[in-house]
There are 4 protein chains.
Amino acid sequence: MSTAPRTAPRTERGTRTRAKLIAAAEQVFATLGYHEASIVKITEAAGVGSGTFYLYFDSKQQIFDDLVEDLNRRVRNAMSTAASQETDRLAAERAGFRAFFGFTATHPALYRIIRQAEFVSPGALRLHYSRIVDGYIQGLQASQAAGQVRDMDPEVAAWALMGIGELIGMRWVLWEQAGADGTHPDVPEHVFEEMMDFINRALAPNGQLPAEGTQR
Amino acid sequence: MSTAPRTAPRTERGTRTRAKLIAAAEQVFATLGYHEASIVKITEAAGVGSGTFYLYFDSKQQIFDDLVEDLNRRVRNAMSTAASQETDRLAAERAGFRAFFGFTATHPALYRIIRQAEFVSPGALRLHYSRIVDGYIQGLQASQAAGQVRDMDPEVAAWALMGIGELIGMRWVLWEQAGADGTHPDVPEHVFEEMMDFINRALAPNGQLPAEGTQR
Amino acid sequence: MSTAPRTAPRTERGTRTRAKLIAAAEQVFATLGYHEASIVKITEAAGVGSGTFYLYFDSKQQIFDDLVEDLNRRVRNAMSTAASQETDRLAAERAGFRAFFGFTATHPALYRIIRQAEFVSPGALRLHYSRIVDGYIQGLQASQAAGQVRDMDPEVAAWALMGIGELIGMRWVLWEQAGADGTHPDVPEHVFEEMMDFINRALAPNGQLPAEGTQR
Amino acid sequence: MSTAPRTAPRTERGTRTRAKLIAAAEQVFATLGYHEASIVKITEAAGVGSGTFYLYFDSKQQIFDDLVEDLNRRVRNAMSTAASQETDRLAAERAGFRAFFGFTATHPALYRIIRQAEFVSPGALRLHYSRIVDGYIQGLQASQAAGQVRDMDPEVAAWALMGIGELIGMRWVLWEQAGADGTHPDVPEHVFEEMMDFINRALAPNGQLPAEGTQR
DNA sequence: AATGAATGAGAGTTCATTCAT
DNA sequence: GATGAATGAACTCTCATTCAT
């Protein structure tokens with residue numbers, strides 16, 4: 001009857017229990033998808049009683065939302081960390097995409113979970129994509145200010161880049177057989193280069209096409 | 001037809017009933033998603049008894065597969081029909097994307113359904129994307145042969161184009177509020193032009209970039 | 001809306017259709033049991049449309065009742081025909097049991113159907129057994145009048161005989177593997193003789209035990 | 001216990017709930033038969049929620065099998081307990097049959113359930129009869145060793161005794177109207193005596209038939 | 001804080017029966 | 001007389017959630 005959310009553990013033991021549940025949920029959702037995953041399966045994987053779940057989460061939806069939030073934060077972090085270590089615009093772009101594909105290869109769960117989010121948690125999907133796109137927009141605007149990207153609407157370009165990464169990653173990472181450790185291979189080199197060439201041409205200022213060597 | 005249950009009625013009335021069910025399923029799946037959609041909701045939307053469903057489909061899975069198949073066929077048809085009425089490569093590309101967005105606007109179900117397919121019907125998702133990409137590849141190869149597209153791997157470009165259309169369509173068609181008739185607005189003009197410009201630059205042969213000022 | 005039973009075909013074609021349905025029902029009920037048998041399976045086996053069934057039978061129950069009636073008539077007929085060809089009381093008894101086991105061996109359907117009758121068709125089971133027992137009672141009374149059976153309540157003895165035949169038949173006919181033609185083997189000779197000896201001793205007038213040769 | 005689902009509760013409350021379900025199933029199966037009995041009817045009779053059923057049993061089939069097992073164990077126990085308190089072979093036999101009819105009178109479910117087992121649970125029916133018959137065989141062999149039963153094949157005699165009890169019980173216990181408490185009357189005295197006389201004569205060693213006038 | 005037995009709404013599915021053709 | 005598409009009540013079974021312990 002209390003209106004307080006149940007998500008705040010008061011004791012240290014409680015904190016540990018909540019963490020076990022989140023970790024179990026990530027694994028179970030990734031393996032089975034949202035609907036096939038049941039609370040009992042999650043609590044069993046966490047090694048706690050089924051009733052315990054509701055001490056920390058209001059519903060199955062809520063733990064799902066928490067998970068999407070978590071994964072989104074991690075993929076953006078991976079991308080921005082990688083990009084920020086480069087000074088050149090082109091190198092930063094390459095590093096960002098490499099980080100994105102790397103995260104996809106090692107965390108296929110992200111992909112799987114996101115694809116279910118639209119109906120499970122209205123808004124979670126939009127938030128996920130919007131946040132990543134915001135990162136692209138900021139990068140593009142900075143590059144425009146430095147004269148390294150042509151004059152254009154950065155929002156449209158950002159969604160285009162997001163789409164390119166999304167489907168290339170789907171095709172050449174997720175669809176390739178995962179190894180025994182559940183990790184997929186990375187995008188093949190020539191595909192990555194073709195993709196970067198495609199993007200460079202689309203973004204380059206007039207008359208500043210990339211140097212011959214990389215154009216093929 | 002190869003997927004129909006043995007009991008599938010063969011009369012004209014039966015054909016009409018099956019069509020009503022497919023149309024209802026499209027609407028219900030699009031609105032509620034696969035898991036929230038129930039056979040009863042579909043049959044109610046179709047205006048038939050719940051048992052009637054099983055005269056035409058073996059399971060909820062099967063009508064889902066049939067629907068994916070159906071929508072895939074229709075969207076590819078819309079795209080190729082539109083593109084084939086243009087002789088110029090650029091015009092054909094524009095027409096193809098316009099048809100894609102138009103289909104998305106009037107059949108949001110396609111999008112929403114595909115996003116759920118990974119866990120629901122492994123294989124259907126891949127088939128859907130692969131078939132559309134095949135269409136892109138053929139178009140790109142023809143344009144390459146005509147010297148209108150630069151030398152490049154058409155498969156990578158095709159997946160990039162697919163991704164661009166996918167996310168631009170998601171952002172500017174599906175995420176925009178649908179009207180009373182359930183139809184979403186089309187992509188705004190300037191977004192469409194920015195996108196086409198992006199693509200043109202990515203595909204244009206060296207030295208054949210559209211002249212400044214005539215691009216829009 | 002008419003109160004007339006639908007079981008009376010008016011034309012010759014109707015007579016044939018009804019017969020096809022009865023034959024199909026016997027086969028389907030025997031194979032699948034009452035509840036697993038569906039009207040559609042029966043009509044398919046009969047080669048008619050499913051709606052046709054209700055031109056001749058009011059319900060699934062009714063055709064079942066008709067079948068029980070039919071099988072009961074046939075097994076009693078087999079038994080009494082066999083017995084009536086013997087003049088000696090002992091020989092008649094032996095012939096009756098032989099006929100009973102023979103019918104069981106070639107029509108295992110009877111057994112299977114009867115075992116389901118109690119809940120399917122209240123009264124059918126009682127009628128079946130009562131009628132057979134009535135035959136035994138009449139035989140016993142005649143033998144008593146001839147001094148060939150001791151003074152006793154023929155009704156109790158009749159039910160005892162029925163039970164003996166029932167379980168010996170179950171154990172040594174039905175439980176033995178049927179051949180390729182669906183026919184079970186007959187009761188082994190020594191079992192039959194042991195059983196007849198058992199019965200003879202139970203029924204024989206005091207001091208008139210069967211001759212040494214048949215006692216073992 | 002070996003047939004319990006993995007989720008079967010282990011607390012004392014759980015034990016009580018399981019017992020309530022088994023008792024309810026006995027009553028419902030006896031009244032309605034296997035096919036008319038539904039899980040909901042059983043759980044309603046047990047006074048628990050319908051989902052509770054599946055905490056204790058995997059399916060309707062399983063509770064049926066468990067019930068057959070349970071009733072079989074109890075009827076054999078009642079029979080052997082009664083018989084073992086008598087030293088005289090004849091008295092033991094009488095006590096065994098009395099116990100059998102008494103069990104039938106208070107647990108008509110056993111009878112009704114067994115009759116349905118053939119199609120419902122192949123094997124359960126055979127096991128039930130075989131186990132009871134095994135008890136008869138052992139008793140007969142012991143009596144033969146003591147010279148109280150004539151030389152004969154005890155297996156055939158055992159099945160004959162089983163059949164006699166089966167049909168006499170059906171006719172004079174089950175077919176007689178049950179009282180308000182659901183319990184049927186016992187076999188009438190003169191029927192019981194006639195039956196015992198029938199059996200005694202069938203089993204008695206040559207020359208040891210009970211003397212006239214002292215048989216009843 | 002933790003438990004797990006209990007719940008009941010709702011899922012997918014079947015089939016005896018009806019009725020327009 | 002014959003058909004078979006259509007029906008809907010009833011089935012078995014699942015699972016997110018509650019609550020007494």
Side-chain angles (χ1 to χ4, degrees), chain A residues 9-18 35-44 48-61, chain B residues 7-18 35-43 47-61, chain C residues 9-18 35-44 48-61, chain D residues 7-18 35-43 47-61:
Chain A
R10 297 285 143 81
T11 69
E12 214 218 311
R13 183 186 181 191
T15 306
R16 265 183 284 122
T17 301
R18 187 179 194 281
H35 289 95
E36 289 301 305
S38 69
I39 302 295
V40 167
K41 280 172 187 157
I42 291 171
T43 54
E44 272 175 2
V48 302
S50 65
T52 304
F53 179 90
Y54 289 90
L55 296 178
Y56 300 100
F57 303 96
D58 287 323
S59 65
K60 186 179 172 183
Q61 249 227 58
Chain B
T7 55
R10 288 152 222 270
T11 63
E12 216 222 307
R13 185 187 182 190
T15 307
R16 265 181 282 124
T17 301
R18 187 180 192 281
H35 288 95
E36 288 301 306
S38 69
I39 305 295
V40 167
K41 282 170 186 161
I42 291 171
T43 53
V48 303
S50 61
T52 303
F53 179 90
Y54 291 92
L55 296 178
Y56 297 94
F57 304 96
D58 286 325
S59 64
K60 189 176 159 182
Q61 259 261 34
Chain C
R10 297 285 143 81
T11 68
E12 215 219 311
R13 181 187 182 190
T15 305
R16 266 182 283 121
T17 300
R18 187 179 193 282
H35 288 95
E36 289 300 305
S38 69
I39 303 296
V40 167
K41 280 171 186 157
I42 292 172
T43 53
E44 272 175 1
V48 303
S50 66
T52 304
F53 180 91
Y54 289 89
L55 296 178
Y56 299 100
F57 303 95
D58 287 324
S59 65
K60 185 178 171 184
Q61 250 229 56
Chain D
T7 55
R10 287 151 223 271
T11 64
E12 217 223 305
R13 184 186 183 192
T15 307
R16 265 182 282 123
T17 301
R18 186 179 193 282
H35 288 95
E36 287 302 306
S38 68
I39 306 294
V40 168
K41 281 170 187 161
I42 292 172
T43 53
V48 302
S50 61
T52 303
F53 179 91
Y54 292 92
L55 296 179
Y56 298 94
F57 305 97
D58 286 326
S59 63
K60 189 175 158 184
Q61 260 262 32

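Naming: A, B, ... by sequence-line order, numbering from 1 per chain.
Note: CD (B/E12) to P (F/dA6) measures 12 Å, nearest angstrom. For the pair C/Q61 CD and E/dC15 P, the interatomic distance rounds to 18 Å; values are reported in whole Å. Counting to the nearest Å, the C1' atom of E/dT13 and the CG atom of B/L55 are 12 Å from each other. Put simply, CD1 on A/I42 is 12 Å from P on F/dC15, counting in whole angstrom units. Between D/F53 atom CZ and F/dT14 atom P there is a gap of 11 Å when expressed in whole angstrom units. One interatomic measurement links the two molecules: CZ of B/R13 to P of E/dC19, which rounds to 13 Å at whole-angstrom precision. In this structure, the CD atom of D/E36 is 13 Å from the C1' atom of F/dA9, given to the nearest Å.
Nearer the 5' end of DNA chain E, as judged by each residue's closest nucleotide, is the contact made by D/G51, out of B/H35 and D/G51. Residue D/T17 is the one, among C/K41 and D/T17, whose nearest nucleotide of DNA chain E lies closer to the 5' end (criterion: closest heavy atom). Nucleotides of DNA chain F nearest to A/V40 and D/K60 differ in position, and the one nearer the 5' end is that of D/K60.
Taking only side-chain nitrogens and oxygens, C/Y56 never comes nearer than 4.0 Å to OP1 or OP2 of F/dG1. Residue A/Y54 places none of its side-chain N or O atoms closer than 4.0 Å to OP1 or OP2 of F/dC19.
Between the side chain of A/S50 and the base of E/dG4, a donor-acceptor pair under 3.5 Å is found.
As judged by a 4.0 angstrom heavy-atom cut-off over every strand, C/S38 is placed among residues touching the sugar-phosphate backbone only.
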